[in-house]
Amino acid sequence: MLTIRLIADPTGFDALALPVRPVEATAPDRGRSTGETDRDEGPLAELPPTALALPEDLLAEATALLPLVEQTGSAGTTHLSVRALRQPSRLLLVGVGAADEAGWRAAGAAIARTTRETSITIAMPADVTPEAVRGLAEGLWLASYRFRLAQATEPAGLTEVLVAVADPAAHEPALELARVTARTTRFARDLINTPSSTKSPQWLADQIVAAAAEHPGLTVSIREPEQLAAEGFGGILAVGNGSATGPRLVELSWHPAGASTHVVLVGKGITFDTGGISIKPREAMKLMRKDMAGAAAIVAATLGAAELRLPVRITALAPLAENMVSGSAFRPGDVIRHYGGLTSETTNSDAEGRLVLADALAYAVERLAPDLLIDIATLTGANAVALGKRHAALYSENDELAEALIGAGRTAGELAWRMPLTNDYVEYLGSDIADLYSAPASGAGSVTAALYLREFTGPLRDRWVHVDMSAPSWAEGNDGPVVKGATGYGVRTLLRWLGDLG
Ligand code: BES
Ligand code: MN
Ligand code: ZN
(Lines give C-alpha, C1' and ligand atoms only; values in the text may rest on other atoms or scores of the structure.)
(Ligands and ions follow the chains in the order given, each with its own letter.)
Protein backbone atom coordinates (compact mmCIF):
# COMPACT_ATOMS: atom_id res chain seq x y z
CA MET A 1 0.00 0.00 0.00
CA LEU A 2 1.41 3.39 -0.87
CA THR A 3 2.45 5.67 1.97
CA ILE A 4 0.15 8.61 2.71
CA ARG A 5 1.42 11.23 5.14
CA LEU A 6 -0.29 14.30 6.57
CA ILE A 7 2.19 17.12 6.71
CA ALA A 8 2.04 20.84 7.50
CA ASP A 9 5.05 22.10 5.56
CA PRO A 10 6.34 19.87 2.78
CA THR A 11 9.47 21.21 1.11
CA GLY A 12 11.00 20.64 -2.28
CA PHE A 13 8.16 18.78 -3.97
CA ASP A 14 8.55 18.03 -7.66
CA ALA A 15 4.93 17.08 -8.38
CA LEU A 16 2.02 19.06 -6.97
CA ALA A 17 -1.72 18.40 -7.12
CA LEU A 18 -4.10 21.33 -6.73
CA PRO A 19 -7.79 20.67 -6.01
CA VAL A 20 -10.28 22.47 -8.21
CA ARG A 21 -13.96 23.10 -7.45
CA PRO A 22 -16.81 24.06 -9.78
CA VAL A 23 -17.73 27.74 -9.48
CA GLU A 24 -20.97 27.55 -7.45
CA ALA A 25 -23.78 25.21 -8.36
CA THR A 26 -24.76 26.72 -11.70
CA ALA A 27 -21.40 26.38 -13.39
CA PRO A 28 -21.48 22.75 -14.63
CA ASP A 29 -25.00 23.24 -16.06
CA ARG A 30 -23.92 26.26 -18.00
CA GLY A 31 -21.41 24.20 -19.90
CA ARG A 32 -23.68 21.23 -20.36
CA SER A 33 -26.91 22.91 -21.48
CA THR A 34 -25.38 24.90 -24.30
CA GLY A 35 -22.84 22.24 -25.20
CA GLU A 36 -20.08 24.84 -25.05
CA THR A 37 -18.49 26.93 -22.36
CA ASP A 38 -19.26 30.62 -22.28
CA ARG A 39 -16.03 32.38 -21.34
CA ASP A 40 -17.78 35.73 -20.94
CA GLU A 41 -19.39 34.41 -17.83
CA GLY A 42 -16.02 33.61 -16.30
CA PRO A 43 -14.24 30.35 -15.51
CA LEU A 44 -16.18 27.19 -14.66
CA ALA A 45 -13.87 26.17 -11.89
CA GLU A 46 -11.86 27.81 -9.15
CA LEU A 47 -8.92 27.01 -6.89
CA PRO A 48 -9.87 27.11 -3.24
CA PRO A 49 -7.38 28.82 -0.92
CA THR A 50 -4.88 26.22 0.25
CA ALA A 51 -3.43 25.58 3.69
CA LEU A 52 0.01 25.42 2.13
CA ALA A 53 1.43 28.84 1.15
CA LEU A 54 2.17 28.62 -2.58
CA PRO A 55 4.09 31.12 -4.75
CA GLU A 56 1.88 33.80 -6.33
CA ASP A 57 3.11 33.05 -9.84
CA LEU A 58 2.24 29.37 -9.49
CA LEU A 59 -1.29 30.23 -8.36
CA ALA A 60 -1.68 32.74 -11.18
CA GLU A 61 -0.55 30.13 -13.68
CA ALA A 62 -2.97 27.52 -12.35
CA THR A 63 -5.84 30.01 -12.33
CA ALA A 64 -5.11 31.03 -15.92
CA LEU A 65 -5.00 27.36 -16.95
CA LEU A 66 -8.53 26.59 -15.75
CA PRO A 67 -10.48 28.17 -18.64
CA LEU A 68 -7.79 27.19 -21.16
CA VAL A 69 -8.14 23.48 -20.37
CA GLU A 70 -11.89 23.84 -19.79
CA GLN A 71 -11.64 22.50 -16.27
CA THR A 72 -15.12 22.10 -14.81
CA GLY A 73 -13.96 20.93 -11.39
CA SER A 74 -16.12 17.80 -11.70
CA ALA A 75 -15.03 15.09 -9.29
CA GLY A 76 -12.19 13.00 -10.68
CA THR A 77 -11.35 15.15 -13.72
CA THR A 78 -7.65 15.95 -14.12
CA HIS A 79 -5.35 18.12 -16.13
CA LEU A 80 -1.60 17.62 -16.00
CA SER A 81 0.85 20.41 -16.93
CA VAL A 82 4.49 19.58 -17.46
CA ARG A 83 6.69 22.56 -16.54
CA ALA A 84 10.19 22.29 -17.98
CA LEU A 85 13.00 23.83 -15.91
CA ARG A 86 10.59 24.87 -13.17
CA GLN A 87 9.47 23.59 -9.80
CA PRO A 88 7.18 21.82 -9.39
CA SER A 89 7.85 20.15 -12.73
CA ARG A 90 4.39 18.56 -12.75
CA LEU A 91 1.23 20.44 -11.85
CA LEU A 92 -1.93 18.36 -11.62
CA LEU A 93 -5.29 20.11 -11.45
CA VAL A 94 -7.82 17.71 -9.98
CA GLY A 95 -11.58 18.21 -9.71
CA VAL A 96 -13.19 17.51 -6.34
CA GLY A 97 -16.79 18.28 -7.39
CA ALA A 98 -18.94 19.07 -4.36
CA ALA A 99 -15.83 18.59 -2.19
CA ASP A 100 -17.69 16.01 -0.12
CA GLU A 101 -16.29 12.58 0.73
CA ALA A 102 -17.40 11.11 -2.62
CA GLY A 103 -15.85 13.99 -4.55
CA TRP A 104 -12.56 13.59 -2.76
CA ARG A 105 -12.66 9.81 -3.19
CA ALA A 106 -12.96 10.30 -6.95
CA ALA A 107 -10.15 12.86 -6.83
CA GLY A 108 -7.90 10.47 -4.89
CA ALA A 109 -8.57 7.69 -7.40
CA ALA A 110 -7.80 10.06 -10.29
CA ILE A 111 -4.52 11.16 -8.69
CA ALA A 112 -3.50 7.52 -8.19
CA ARG A 113 -4.23 6.76 -11.87
CA THR A 114 -2.59 9.85 -13.41
CA THR A 115 0.58 10.24 -11.40
CA ARG A 116 3.69 8.70 -12.94
CA GLU A 117 6.09 10.13 -10.35
CA THR A 118 7.03 8.18 -7.23
CA SER A 119 5.90 11.02 -4.97
CA ILE A 120 3.27 13.77 -5.15
CA THR A 121 2.20 16.52 -2.77
CA ILE A 122 -1.46 17.52 -2.55
CA ALA A 123 -2.18 21.06 -1.38
CA MET A 124 -5.45 20.65 0.53
CA PRO A 125 -7.93 23.54 0.80
CA ALA A 126 -7.63 25.66 3.92
CA ASP A 127 -11.16 24.56 4.95
CA VAL A 128 -10.39 20.84 4.55
CA THR A 129 -12.68 18.45 6.49
CA PRO A 130 -11.85 15.02 7.93
CA GLU A 131 -14.33 13.57 5.39
CA ALA A 132 -12.22 15.07 2.60
CA VAL A 133 -9.07 13.45 3.97
CA ARG A 134 -10.82 10.13 4.40
CA GLY A 135 -12.27 10.23 0.88
CA LEU A 136 -8.96 11.25 -0.67
CA ALA A 137 -6.99 8.54 1.11
CA GLU A 138 -9.52 5.80 0.33
CA GLY A 139 -9.53 6.83 -3.32
CA LEU A 140 -5.73 6.74 -3.45
CA TRP A 141 -5.40 3.40 -1.70
CA LEU A 142 -8.26 1.64 -3.45
CA ALA A 143 -7.47 2.82 -6.99
CA SER A 144 -3.77 1.95 -6.66
CA TYR A 145 -4.60 -1.68 -5.80
CA ARG A 146 -3.07 -4.31 -8.09
CA PHE A 147 -3.36 -8.09 -8.17
CA ARG A 148 -0.77 -9.75 -10.33
CA LEU A 149 0.70 -13.23 -10.45
CA ALA A 150 2.87 -12.43 -13.49
CA GLN A 151 6.60 -12.95 -13.36
CA ALA A 152 7.26 -9.68 -15.20
CA THR A 153 7.27 -6.70 -12.85
CA GLU A 154 5.43 -3.44 -13.49
CA PRO A 155 7.05 0.00 -13.17
CA ALA A 156 7.03 1.13 -9.53
CA GLY A 157 4.85 4.24 -10.00
CA LEU A 158 3.46 6.24 -7.10
CA THR A 159 4.78 5.17 -3.70
CA GLU A 160 4.29 8.23 -1.49
CA VAL A 161 1.63 10.93 -1.18
CA LEU A 162 2.11 13.98 1.03
CA VAL A 163 -1.17 15.60 2.05
CA ALA A 164 -0.52 19.21 3.02
CA VAL A 165 -2.90 20.43 5.74
CA ALA A 166 -2.49 23.11 8.41
CA ASP A 167 -3.09 20.75 11.34
CA PRO A 168 -1.99 17.16 10.55
CA ALA A 169 -2.91 15.82 14.00
CA ALA A 170 -6.54 16.88 13.53
CA HIS A 171 -6.85 14.64 10.47
CA GLU A 172 -5.00 11.54 11.73
CA PRO A 173 -8.21 9.76 12.86
CA ALA A 174 -9.79 10.21 9.42
CA LEU A 175 -6.64 8.87 7.77
CA GLU A 176 -6.69 5.89 10.11
CA LEU A 177 -10.32 5.09 9.21
CA ALA A 178 -9.36 5.25 5.55
CA ARG A 179 -6.31 3.05 6.15
CA VAL A 180 -8.33 0.30 7.84
CA THR A 181 -11.11 0.51 5.23
CA ALA A 182 -8.64 0.31 2.36
CA ARG A 183 -6.48 -2.40 3.91
CA THR A 184 -9.46 -4.66 4.59
CA THR A 185 -11.03 -4.00 1.18
CA ARG A 186 -7.71 -4.84 -0.46
CA PHE A 187 -7.48 -8.03 1.61
CA ALA A 188 -10.95 -9.05 0.37
CA ARG A 189 -9.94 -8.26 -3.23
CA ASP A 190 -6.81 -10.41 -2.88
CA LEU A 191 -8.86 -13.38 -1.66
CA ILE A 192 -11.47 -12.97 -4.41
CA ASN A 193 -8.93 -12.54 -7.20
CA THR A 194 -6.94 -15.61 -6.14
CA PRO A 195 -7.43 -18.51 -8.57
CA SER A 196 -9.43 -21.44 -7.28
CA SER A 197 -6.58 -23.91 -7.83
CA THR A 198 -4.98 -22.19 -4.83
CA LYS A 199 -8.16 -21.15 -3.07
CA SER A 200 -9.50 -24.35 -1.53
CA PRO A 201 -11.87 -24.02 1.44
CA GLN A 202 -8.98 -24.97 3.77
CA TRP A 203 -6.65 -22.42 2.15
CA LEU A 204 -9.27 -19.73 2.60
CA ALA A 205 -9.78 -20.76 6.22
CA ASP A 206 -5.99 -20.59 6.74
CA GLN A 207 -5.90 -17.02 5.36
CA ILE A 208 -8.65 -16.01 7.76
CA VAL A 209 -6.83 -17.58 10.71
CA ALA A 210 -3.58 -15.82 9.77
CA ALA A 211 -5.30 -12.43 9.35
CA ALA A 212 -7.20 -12.80 12.63
CA ALA A 213 -3.97 -13.55 14.48
CA GLU A 214 -2.86 -9.96 13.83
CA HIS A 215 -5.63 -8.56 16.04
CA PRO A 216 -5.81 -9.39 19.71
CA GLY A 217 -9.35 -10.23 20.72
CA LEU A 218 -10.35 -12.05 17.56
CA THR A 219 -11.06 -15.76 17.80
CA VAL A 220 -11.58 -18.24 14.98
CA SER A 221 -13.00 -21.75 14.91
CA ILE A 222 -13.03 -24.00 11.86
CA ARG A 223 -15.38 -26.92 11.42
CA GLU A 224 -14.19 -29.74 9.18
CA PRO A 225 -16.52 -32.21 7.43
CA GLU A 226 -16.68 -34.71 10.35
CA GLN A 227 -17.77 -31.97 12.71
CA LEU A 228 -20.21 -30.54 10.16
CA ALA A 229 -21.75 -34.00 9.79
CA ALA A 230 -22.00 -34.50 13.54
CA GLU A 231 -23.91 -31.24 13.91
CA GLY A 232 -26.13 -31.66 10.85
CA PHE A 233 -24.86 -29.04 8.39
CA GLY A 234 -26.39 -30.91 5.43
CA GLY A 235 -26.32 -27.99 2.98
CA ILE A 236 -22.62 -27.25 3.34
CA LEU A 237 -21.77 -30.96 3.17
CA ALA A 238 -23.91 -31.60 0.07
CA VAL A 239 -22.42 -28.71 -1.88
CA GLY A 240 -18.86 -29.57 -0.84
CA ASN A 241 -19.18 -33.27 -1.51
CA GLY A 242 -18.26 -33.21 -5.19
CA SER A 243 -14.93 -31.54 -4.53
CA ALA A 244 -11.51 -33.05 -3.79
CA THR A 245 -11.08 -30.27 -1.23
CA GLY A 246 -13.73 -30.61 1.46
CA PRO A 247 -15.96 -27.88 2.88
CA ARG A 248 -15.35 -25.83 6.03
CA LEU A 249 -17.38 -23.54 8.24
CA VAL A 250 -15.34 -20.64 9.59
CA GLU A 251 -16.61 -18.76 12.63
CA LEU A 252 -14.72 -15.55 13.34
CA SER A 253 -15.67 -13.63 16.49
CA TRP A 254 -15.01 -10.15 17.76
CA HIS A 255 -16.41 -9.87 21.27
CA PRO A 256 -15.30 -6.64 22.99
CA ALA A 257 -16.14 -6.17 26.68
CA GLY A 258 -19.26 -4.10 27.18
CA ALA A 259 -20.67 -4.56 23.67
CA SER A 260 -24.45 -4.17 23.71
CA THR A 261 -25.34 -5.32 20.20
CA HIS A 262 -24.48 -8.70 18.69
CA VAL A 263 -24.41 -8.79 14.91
CA VAL A 264 -24.02 -12.01 12.94
CA LEU A 265 -22.65 -11.60 9.43
CA VAL A 266 -23.02 -14.54 7.04
CA GLY A 267 -21.16 -14.63 3.72
CA LYS A 268 -21.35 -17.09 0.83
CA GLY A 269 -17.99 -18.78 0.37
CA ILE A 270 -18.11 -20.92 -2.77
CA THR A 271 -14.45 -21.14 -3.78
CA PHE A 272 -15.45 -22.17 -7.30
CA ASP A 273 -18.91 -22.61 -8.79
CA THR A 274 -19.10 -24.95 -11.79
CA GLY A 275 -22.84 -25.20 -11.26
CA GLY A 276 -22.33 -28.84 -10.28
CA ILE A 277 -24.27 -31.46 -12.26
CA SER A 278 -26.51 -28.62 -13.53
CA ILE A 279 -23.28 -27.38 -15.08
CA LYS A 280 -22.82 -23.78 -16.16
CA PRO A 281 -22.10 -22.84 -19.78
CA ARG A 282 -18.44 -21.81 -20.25
CA GLU A 283 -18.92 -18.04 -20.38
CA ALA A 284 -20.93 -18.11 -17.18
CA MET A 285 -18.29 -20.22 -15.40
CA LYS A 286 -15.08 -18.43 -16.20
CA LEU A 287 -15.22 -15.90 -13.35
CA MET A 288 -16.69 -18.20 -10.72
CA ARG A 289 -13.62 -17.98 -8.51
CA LYS A 290 -15.30 -14.83 -7.26
CA ASP A 291 -18.19 -16.81 -5.76
CA MET A 292 -16.74 -16.42 -2.27
CA ALA A 293 -16.90 -12.60 -2.38
CA GLY A 294 -19.59 -12.52 0.31
CA ALA A 295 -17.40 -14.51 2.70
CA ALA A 296 -14.45 -12.25 1.91
CA ALA A 297 -16.56 -9.16 2.64
CA ILE A 298 -17.83 -10.27 6.05
CA VAL A 299 -14.42 -11.53 7.15
CA ALA A 300 -12.67 -8.33 6.04
CA ALA A 301 -15.29 -6.13 7.69
CA THR A 302 -14.88 -8.06 10.95
CA LEU A 303 -11.09 -7.71 10.79
CA GLY A 304 -11.60 -3.98 10.26
CA ALA A 305 -14.01 -3.72 13.19
CA ALA A 306 -11.42 -5.41 15.42
CA GLU A 307 -8.65 -3.16 14.18
CA LEU A 308 -10.80 -0.11 14.94
CA ARG A 309 -11.86 -1.73 18.23
CA LEU A 310 -15.53 -1.03 17.48
CA PRO A 311 -17.73 -1.64 20.54
CA VAL A 312 -19.99 -4.12 18.73
CA ARG A 313 -20.00 -7.90 19.11
CA ILE A 314 -19.63 -9.52 15.70
CA THR A 315 -19.71 -13.13 14.61
CA ALA A 316 -18.76 -13.71 10.99
CA LEU A 317 -19.87 -17.06 9.58
CA ALA A 318 -18.28 -18.18 6.33
CA PRO A 319 -19.56 -21.49 4.92
CA LEU A 320 -16.83 -22.51 2.45
CA ALA A 321 -17.26 -25.14 -0.25
CA GLU A 322 -16.35 -25.86 -3.84
CA ASN A 323 -19.27 -26.71 -6.13
CA MET A 324 -17.81 -29.30 -8.50
CA VAL A 325 -18.96 -31.93 -10.99
CA SER A 326 -17.94 -35.45 -9.97
CA GLY A 327 -19.18 -38.87 -9.02
CA SER A 328 -19.71 -37.71 -5.47
CA ALA A 329 -21.44 -34.44 -6.36
CA PHE A 330 -24.98 -33.89 -5.09
CA ARG A 331 -27.69 -34.27 -7.73
CA PRO A 332 -30.62 -32.21 -8.90
CA GLY A 333 -33.57 -33.72 -7.06
CA ASP A 334 -31.62 -34.83 -3.99
CA VAL A 335 -33.17 -33.87 -0.70
CA ILE A 336 -30.83 -32.45 1.89
CA ARG A 337 -31.41 -31.77 5.56
CA HIS A 338 -30.15 -28.41 6.81
CA TYR A 339 -28.86 -27.45 10.22
CA GLY A 340 -31.93 -27.34 12.45
CA GLY A 341 -33.94 -29.81 10.35
CA LEU A 342 -35.59 -28.02 7.41
CA THR A 343 -35.20 -29.96 4.15
CA SER A 344 -34.58 -28.74 0.59
CA GLU A 345 -35.26 -30.49 -2.68
CA THR A 346 -32.24 -29.41 -4.73
CA THR A 347 -33.96 -28.68 -8.01
CA ASN A 348 -30.82 -27.22 -9.61
CA SER A 349 -27.31 -27.88 -8.30
CA ASP A 350 -26.29 -24.41 -9.51
CA ALA A 351 -28.45 -22.89 -6.78
CA GLU A 352 -25.79 -23.96 -4.28
CA GLY A 353 -25.16 -20.68 -2.47
CA ARG A 354 -28.50 -20.66 -0.71
CA LEU A 355 -27.92 -24.23 0.50
CA VAL A 356 -24.77 -23.30 2.41
CA LEU A 357 -26.24 -19.99 3.59
CA ALA A 358 -29.34 -21.76 4.89
CA ASP A 359 -27.22 -23.87 7.24
CA ALA A 360 -25.28 -20.85 8.48
CA LEU A 361 -28.42 -18.74 9.01
CA ALA A 362 -30.17 -21.53 10.90
CA TYR A 363 -27.07 -22.06 13.04
CA ALA A 364 -26.82 -18.33 13.76
CA VAL A 365 -30.45 -18.12 14.84
CA GLU A 366 -30.41 -21.24 16.99
CA ARG A 367 -26.97 -21.13 18.56
CA LEU A 368 -25.94 -17.46 18.52
CA ALA A 369 -29.33 -15.71 18.86
CA PRO A 370 -27.94 -12.34 17.70
CA ASP A 371 -29.69 -8.98 17.72
CA LEU A 372 -29.19 -8.48 14.00
CA LEU A 373 -28.53 -10.91 11.16
CA ILE A 374 -27.01 -9.87 7.82
CA ASP A 375 -26.09 -12.13 4.94
CA ILE A 376 -24.27 -11.14 1.79
CA ALA A 377 -23.72 -13.32 -1.24
CA THR A 378 -22.97 -13.54 -4.95
CA LEU A 379 -26.28 -15.34 -5.12
CA THR A 380 -27.99 -14.81 -8.48
CA GLY A 381 -27.30 -13.61 -11.99
CA ALA A 382 -30.76 -12.05 -11.69
CA ASN A 383 -29.26 -9.29 -9.51
CA ALA A 384 -27.59 -7.79 -12.60
CA VAL A 385 -30.63 -8.45 -14.81
CA ALA A 386 -32.79 -6.39 -12.46
CA LEU A 387 -30.37 -3.65 -11.42
CA GLY A 388 -27.34 -3.59 -13.74
CA LYS A 389 -23.73 -3.79 -12.64
CA ARG A 390 -23.55 -1.21 -9.86
CA HIS A 391 -26.29 -1.96 -7.36
CA ALA A 392 -26.57 -4.89 -5.03
CA ALA A 393 -30.14 -6.07 -4.35
CA LEU A 394 -31.03 -5.59 -0.70
CA TYR A 395 -33.92 -7.32 1.05
CA SER A 396 -35.32 -6.79 4.52
CA GLU A 397 -38.61 -6.57 6.36
CA ASN A 398 -37.04 -3.95 8.59
CA ASP A 399 -37.23 -0.48 7.00
CA GLU A 400 -34.89 1.14 9.51
CA LEU A 401 -32.21 -1.52 9.15
CA ALA A 402 -32.49 -1.52 5.35
CA GLU A 403 -32.17 2.25 5.23
CA ALA A 404 -29.20 2.23 7.60
CA LEU A 405 -27.30 -0.22 5.41
CA ILE A 406 -28.20 1.48 2.14
CA GLY A 407 -27.22 4.83 3.68
CA ALA A 408 -23.91 3.50 4.99
CA GLY A 409 -23.17 2.17 1.52
CA ARG A 410 -24.08 5.48 -0.11
CA THR A 411 -21.65 7.37 2.13
CA ALA A 412 -18.95 4.76 1.72
CA GLY A 413 -19.33 4.67 -2.07
CA GLU A 414 -21.12 1.34 -2.59
CA LEU A 415 -24.64 1.18 -4.02
CA ALA A 416 -27.53 -1.03 -2.92
CA TRP A 417 -31.17 -0.94 -3.98
CA ARG A 418 -34.07 -2.16 -1.87
CA MET A 419 -36.01 -5.01 -3.46
CA PRO A 420 -39.36 -6.54 -2.47
CA LEU A 421 -39.84 -9.75 -0.51
CA THR A 422 -42.97 -10.47 -2.56
CA ASN A 423 -45.08 -12.79 -0.43
CA ASP A 424 -47.14 -13.87 -3.44
CA TYR A 425 -44.09 -15.78 -4.64
CA VAL A 426 -43.72 -17.86 -1.48
CA GLU A 427 -45.92 -20.49 -3.11
CA TYR A 428 -43.14 -21.21 -5.63
CA LEU A 429 -41.01 -22.48 -2.74
CA GLY A 430 -43.34 -25.44 -2.16
CA SER A 431 -41.88 -28.89 -2.84
CA ASP A 432 -43.89 -32.11 -3.11
CA ILE A 433 -41.40 -34.10 -1.04
CA ALA A 434 -39.39 -31.60 1.05
CA ASP A 435 -40.00 -28.39 2.98
CA LEU A 436 -38.64 -26.21 0.19
CA TYR A 437 -37.56 -26.18 -3.43
CA SER A 438 -34.06 -24.71 -3.59
CA ALA A 439 -34.51 -23.19 -7.06
CA PRO A 440 -38.16 -22.37 -7.64
CA ALA A 441 -39.02 -21.40 -11.22
CA SER A 442 -40.63 -18.05 -10.51
CA GLY A 443 -38.96 -15.77 -13.03
CA ALA A 444 -37.86 -13.50 -10.19
CA GLY A 445 -34.59 -15.22 -9.36
CA SER A 446 -33.12 -12.80 -6.86
CA VAL A 447 -36.46 -12.30 -5.05
CA THR A 448 -37.23 -16.00 -4.64
CA ALA A 449 -33.67 -16.66 -3.47
CA ALA A 450 -34.27 -14.06 -0.75
CA LEU A 451 -37.64 -15.64 0.13
CA TYR A 452 -35.94 -19.02 0.39
CA LEU A 453 -33.30 -17.68 2.79
CA ARG A 454 -36.00 -15.96 4.88
CA GLU A 455 -37.34 -19.41 5.77
CA PHE A 456 -34.19 -19.98 7.83
CA THR A 457 -34.28 -16.76 9.84
CA GLY A 458 -36.84 -17.92 12.43
CA PRO A 459 -37.45 -15.30 15.13
CA LEU A 460 -34.90 -13.00 13.50
CA ARG A 461 -37.05 -12.60 10.40
CA ASP A 462 -37.64 -8.88 10.98
CA ARG A 463 -34.06 -8.18 12.09
CA TRP A 464 -32.48 -9.75 9.03
CA VAL A 465 -31.05 -8.25 5.84
CA HIS A 466 -30.04 -10.16 2.73
CA VAL A 467 -27.71 -8.56 0.19
CA ASP A 468 -27.38 -10.15 -3.26
CA MET A 469 -24.10 -8.68 -4.48
CA SER A 470 -23.41 -10.77 -7.60
CA ALA A 471 -23.43 -7.71 -9.85
CA PRO A 472 -21.15 -5.22 -8.04
CA SER A 473 -18.71 -7.88 -6.81
CA TRP A 474 -16.69 -7.67 -10.01
CA ALA A 475 -15.68 -4.75 -12.26
CA GLU A 476 -15.06 -5.03 -16.00
CA GLY A 477 -12.82 -1.96 -15.88
CA ASN A 478 -11.35 0.71 -13.62
CA ASP A 479 -13.99 3.01 -12.15
CA GLY A 480 -13.01 5.53 -9.46
CA PRO A 481 -11.84 3.59 -6.40
CA VAL A 482 -12.72 0.31 -8.10
CA VAL A 483 -10.05 -1.54 -10.07
CA LYS A 484 -10.81 -4.06 -12.82
CA GLY A 485 -11.44 -7.42 -11.17
CA ALA A 486 -12.69 -8.05 -7.63
CA THR A 487 -14.18 -4.89 -6.12
CA GLY A 488 -14.30 -5.96 -2.46
CA TYR A 489 -17.94 -4.83 -2.48
CA GLY A 490 -19.54 -4.91 0.95
CA VAL A 491 -16.47 -4.27 3.08
CA ARG A 492 -16.89 -0.50 3.01
CA THR A 493 -20.66 -0.66 3.57
CA LEU A 494 -20.43 -3.11 6.46
CA LEU A 495 -17.53 -1.37 8.16
CA ARG A 496 -19.27 2.00 7.94
CA TRP A 497 -22.54 0.55 9.22
CA LEU A 498 -20.81 -1.27 12.10
CA GLY A 499 -19.02 1.97 12.99
CA ASP A 500 -22.36 3.80 13.08
CA LEU A 501 -23.83 1.08 15.36
CA GLY A 502 -21.08 1.29 17.92
N1 BES B 1 -22.83 -17.93 -8.20
C2 BES B 1 -24.00 -17.92 -8.96
C3 BES B 1 -24.59 -16.52 -9.16
C4 BES B 1 -23.79 -15.55 -9.97
C5 BES B 1 -24.02 -15.40 -11.31
C6 BES B 1 -22.86 -14.75 -9.35
C7 BES B 1 -23.30 -14.47 -12.04
C8 BES B 1 -22.14 -13.84 -10.08
C9 BES B 1 -22.36 -13.69 -11.42
C10 BES B 1 -25.07 -18.75 -8.29
O11 BES B 1 -24.61 -19.83 -7.55
C12 BES B 1 -25.96 -19.28 -9.35
O13 BES B 1 -25.50 -20.05 -10.14
N14 BES B 1 -27.23 -18.88 -9.34
C15 BES B 1 -28.18 -19.32 -10.27
C16 BES B 1 -29.46 -19.62 -9.54
C17 BES B 1 -30.46 -20.41 -10.33
C18 BES B 1 -29.92 -21.79 -10.63
C19 BES B 1 -31.73 -20.50 -9.53
C20 BES B 1 -28.40 -18.23 -11.31
O21 BES B 1 -28.37 -17.05 -10.98
O22 BES B 1 -28.57 -18.57 -12.48
MN1 MN C 1 -24.35 -21.54 -8.72
ZN1 ZN D 1 -22.72 -19.65 -6.82
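Residue numbers count from 1 along this sequence. A quick note: this is a predicted structure, and the numbers were derived from the prediction, not measured. When a ligand or atom number is given, it counts from 1 through the structure's own listing order.
Within 6.0 Å of the CZ atom in Arg337, the count of heavy atoms belonging to other residues, nucleotides or ligands does not exceed 12. Atom CH2 of Trp417 is surrounded by 12 or fewer heavy atoms from other residues, nucleotides or ligands within 6.0 Å. For Glu154, the CD atom counts as densely surrounded, since its 6.0 Å shell holds more than 12 non-hydrogen atoms of other residues, nucleotides or ligands. By the neighbour-count criterion of 12 heavy atoms within 6.0 Å, atom CZ of Arg148 is densely surrounded, having more than that number from other residues, nucleotides or ligands. By the 6.0 Å contact criterion, CZ on Arg390 is open, its count of non-hydrogen atoms from other residues, nucleotides or ligands being 12 or less.
For the Mn ion (ligand 2), the tally of protein N/O/S atoms lying closer than 2.8 Å stands at 4.
No donor-acceptor contact under 3.5 angstrom links the side chains of Thr271 and Glu322, judged on distance only. In the model, Asp468 has a side-chain atom that pairs as donor or acceptor with a side-chain atom of Ser470 under 3.5 Å.
Note: His466 and Trp464 have parallel aromatic rings, judged against thresholds of 30 and 60 degrees for the angle between ring planes. Between Tyr339 and Tyr363, the ring planes are perpendicular. Angles over 60° get that label, and only those under 30° would be called parallel.
Contact check for Pro481 versus Arg492: side-chain heavy atoms found under the 4.5 Å cut-off. For the pair Leu142 and Val482, the minimum side-chain heavy-atom distance is 4.5 Å or more.
Listed by chain and number, residues touching ligand 1 at under 4.0 Å (heavy atoms only) are Lys268, Asp273, Lys280, Met288, Lys290, Asp291, Asn348, Asp350, Ala351, Glu352, Arg354, Thr378, Leu379, Thr380, Gly381, Ala439, Ser470.
Inside a sphere of radius 2.8 Å centred on the Zn ion (ligand 3), the protein N/O/S atoms present are Lys268 NZ, Asp273 OD2, Asp291 OD2, Glu352 OE2.
Under a cutoff of 6.0 Å and an axis angle of 45°, Arg189 and Tyr145 form a cation-pi pair.
Under the salt bridge (Lys or Arg N to Asp or Glu O under 4.0 Å) criterion, no residue pair touches residues 294-306, with sequence neighbours excluded.
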